[in-house]
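Note: hydrogens, waters and symmetry copies are ignored here, and every other heavy atom, side chains too, is used.
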Amino acid sequence: MLSLFCFSLCFAEKQDVRIEQLWDELDNLSYEGKPDELRKQRQDLLQEIASEYERKGDSVGKLSALLRKRMPQGEDYREEPVTEKLGLFENLINESRKDPIVRILRALWYGLAQCESQSAENQKAGAFATWDKDKQYRYVDGLFQSLLFDESLAEIKADKYCWFLYRGACSHKWEPTLKDYAALEALRFYGRQELLLPKGSERVLLAPVEEFLSAQSPFPSPTCGPARAFALYKSVLRSFKTSGYTDGLVNFDIQRLHWASNLVYKGLPHRLLVKRLDEMAKEFTERSVRSFVDYHRAMCCIRLERFSKALELAKKWASEESGPLGVELCQELVNELSEEIYGVGCQDVLLVGKGKITIEHRNCKKVFFRVYRQSDLEQYNSHIVRDEVVPWLVEGTSASVAQLLREGRPIKSWSVQLEKVKDCTWHKEDFDVSLPAGHYIIATNLFEDFAGNADLTLFANVSVSNLELLDFPEGDHNNIYATCGATGAPLEGV
């Protein structure tokens, strides 16, 4: 009995050595030579590796070899990473390159990265870049179908590869195994695919959970992206419903509703989505679930430009204390919607007595202005030139400007009261500004104390000129006259 055990152990060790030798042989395979011969060598090696894993009883190892076999020749994921995601943990990846799970994930990420590239120029040079979008879709679709129907991945905890995976909040609950992780990545991929919907399908796609789970797919092809997403959402929702995990059920039901709404009515939320979210708000009372639902109701209001209603919904759950994901999201939304933001626009050259300043603002009550001569700035920074002063809409100030705000004397200062404040909506207002001819720096701030809030100051160079151009059409051309802006008299020699 002992001898049989030792024989089995030695045989398993020999298998491991043989598999490692085959992987090394593949990694060292040269890509110089006749393409057909090289392709056959590569495919034969990968098939032999898959067979060795099968004899060993390692289904995950076999899957890793078969997935790599799908990849175009010369684009193995051992080469230069195609995205930052592949390159971020490159050292760890190299150390774990013999781990079949790492091979599987890299094959998947490779395909996703290539399909997400907007053009062939952004893709890694090689065979994949020459494929059309349909062929690229079929490639990644094949990867996902292989992963989702391999039950061995359901036995591998995702936390074991937390250093390698990109996962969001509550991922330990929503993605406990690698199969769950693959399913959610598949939902993101298939959810981006678009299709002309059959008439009346919106009621199926946006139906309540019970109706959705019993509905038939409205898509004519079972392999198209929306049909794959439809089937996956049914599988994920049924799983959460069976397990009784309400948070997960609600989260992915809302994801499903958003996906369906975007398919049905691109851009703005569909009326059935808003209706379903309102129904869910009445159905669930748990703090973690209700706050999450209200957050998505608020986001729909924002997309429909109902900002005050969005703020009202989010404020119900906003709290400084830590809480469920929905509470934290509502707090972030309240902070974002309540933030005072403004921008100021002005032409580089203004006419004497005819200048205008445009202010775009959200939640702001008042804006303060100061005007300095450009020569005042030069005493703090003697080597500065006119073009070095940053233009409008650039936050932050240089050391010389900060000193000017602290010690300099403005030649003029004023404030403007803004209308329609605290409604979370962007507003635009124009104001007159009158300055004599010269070169100026106009500084603006939401606070009267400019020096104490120097980093919040917006500033720009403005030249005020006494030169005015008058344009008079005459026949098939225009006559342009230069006049004095103060008197309207023509200028000599111009």
Side-chain angles (χ1 to χ4, degrees), residues 67 85 104-105 107-116 133 136-151 153-154 156 158 161 165-195 197 201-202 204-209 212-213 215-219 221-243 245-264 266 269-270 273 276-277 280 292-293 295-296 299 325 329:
L67 290 184
K85 175 184 266 191
I104 289 172
L105 293 173
L108 176 61
W109 286 351
Y110 172 89
L112 289 175
Q114 291 287 18
C115 282
E116 289 169 3
K133 288 298 181 183
Q136 291 179 359
Y137 168 79
R138 290 196 299 272
Y139 169 76
V140 179
D141 178 52
L143 291 181
F144 276 126
Q145 294 309 302
S146 297
L147 292 172
L148 296 174
F149 285 98
D150 193 297
E151 291 301 326
L153 294 183
I156 301 173
Y161 292 89
L165 303 177
Y166 282 69
R167 298 193 293 168
C170 297
S171 56
H172 61 291
K173 297 179 180 178
W174 297 340
E175 304 169 1
T177 71
L178 285 180
K179 185 172 182 180
D180 298 313
Y181 173 81
L184 300 191
E185 286 292 319
L187 277 178
R188 296 184 187 100
F189 172 71
Y190 292 125
R192 290 191 296 268
Q193 311 301 316
E194 296 184 356
L195 186 72
L197 289 177
S201 57
E202 65 271 13
V204 174
L205 299 177
L206 289 158
V209 174
F212 178 77
L213 291 178
Q216 297 295 318
S217 172
F219 305 104
S221 170
T223 60
C224 68
R228 296 288 200 206
F230 181 87
L232 268 173
Y233 272 118
K234 289 182 71 172
S235 175
V236 171
L237 292 174
R238 188 174 286 113
S239 175
F240 281 125
K241 188 172 179 61
T242 302
S243 65
Y245 181 40
T246 308
D247 285 29
L249 176 68
V250 171
N251 174 68
F252 285 96
D253 192 27
I254 291 175
Q255 283 192 31
R256 185 261 303 187
L257 293 171
H258 279 297
W259 161 74
S261 180
N262 287 331
L263 270 181
V264 174
K266 297 173 178 60
H270 192 272
L273 167 62
R276 281 291 299 120
L277 288 173
M280 292 170 75
F292 194 75
V293 172
Y295 167 75
H296 282 277
M299 292 303 294
L325 177 61
L329 290 173

For the pair [X] (side chain) and [Y] (backbone), establish whether a donor and an acceptor sit closer than 3.5 Å, ignoring hydrogens and angles.
| X | Y | result |
| --- | --- | --- |
| Lys234 | Ala215 | yes |
| Ser235 | Ala231 | no |
| Asp180 | Thr177 | yes |
| Ser261 | Pro269 | no |

Measure across [X] and [Y] and return the closest heavy-atom pair with its distance rounded to 0.1 Å.
| X | Y | answer |
| --- | --- | --- |
| Phe252 | Tyr233 | O-CE2, 3.7 Å |
| Ala183 | Leu232 | O-CD1, 4.1 Å |
| Tyr295 | Leu329 | CD1-CB, 3.6 Å |

**Q.** Phe212-Phe230 aromatic ring centre distance below 6.0 Å
**A.**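 Distance test on ring centres: under 6.0 Å, yes.
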Nearest 0.5 Å, what's the [atom1]-[atom2] distance between [X] and [Y]?
| X | Y | atom1 | atom2 | value |
| --- | --- | --- | --- | --- |
| Ser201 | Phe219 | OG | CZ | 6.0 Å |
| Lys179 | Leu184 | NZ | CG | 12.5 Å |
| Gln255 | Leu237 | CD | CG | 9.5 Å |

(Q) Measuring only between side-chain heavy atoms, which start at C-beta, is Val236 closer than 4.5 Å to Arg256? (A)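 Val236 does not reach Arg256 side chain to side chain.
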Q: State, with a plain yes or no, whether a side-chain heavy atom of Leu205 is found less than 4.5 Å away from one of Trp259.
A: yes
Q. What's the verdict on side-chain contact (heavy atoms from CB on, under 4.5 Å) for Val140 and Gln136, showing C-alpha distance, side-chain angles and the deciding distance?
A. CA-CA 6 Å; Val140 179; Gln136 291 179 359; 5.8 Å; no
Q: Evaluate the side-chain contact (heavy atoms from CB on, under 4.5 Å) criterion for residues Phe292 and Asp247: first the C-alpha distance (whole Å), next the side-chain angles of each, then the deciding distance (0.1 Å), finally the verdict.
A: CA-CA 9 Å; Phe292 194 75; Asp247 285 29; over 6 Å; no
Q: Start with the C-alpha gap between His296 and His258, add the side-chain angles, then the distance that decides, and say whether side-chain contact (heavy atoms from CB on, under 4.5 Å) holds.
A: CA-CA 9 Å; His296 282 277; His258 279 297; 3.1 Å; yes
Q. Taking only residues two or more places apart in sequence or in another chain, which ones pass side chain to side chain contact (heavy atoms under 4.5 Å, CB included) with Met280?
A. Val250, Asp253, Ile254, Leu257, Arg276, Leu277, Phe284, Val293
Q.
I'd like to check the side chain to side chain contact (heavy atoms under 4.5 Å, CB included) partners of Thr242; sequence neighbours left out, ordered by chain and number.
A.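 Partners of Thr242 by the side chain to side chain contact (heavy atoms under 4.5 Å, CB included) criterion, ordered by chain and then number, come out as Arg238.
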Q. Once the angle between the rings of Tyr137 and Tyr190 is folded into 0 to 90°, is it parallel (under 30°), tilted (30 to 60°) or perpendicular (over 60°)?
A.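 Perpendicular, since the angle between the ring planes exceeds 60°.
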Return all side-chain donor-acceptor pairs below 3.5 angstrom for residues 221-229, not counting sequence neighbours, or 'none' if the list is empty.
residue	atom	partner	partner atom	Å
Ser221	OG	Thr223	N	3.4
Ser221	OG	Thr223	OG1	3.2
Arg228	NE	Asp141	OD1	2.9
Arg228	NH2	Asp141	OD2	3.1

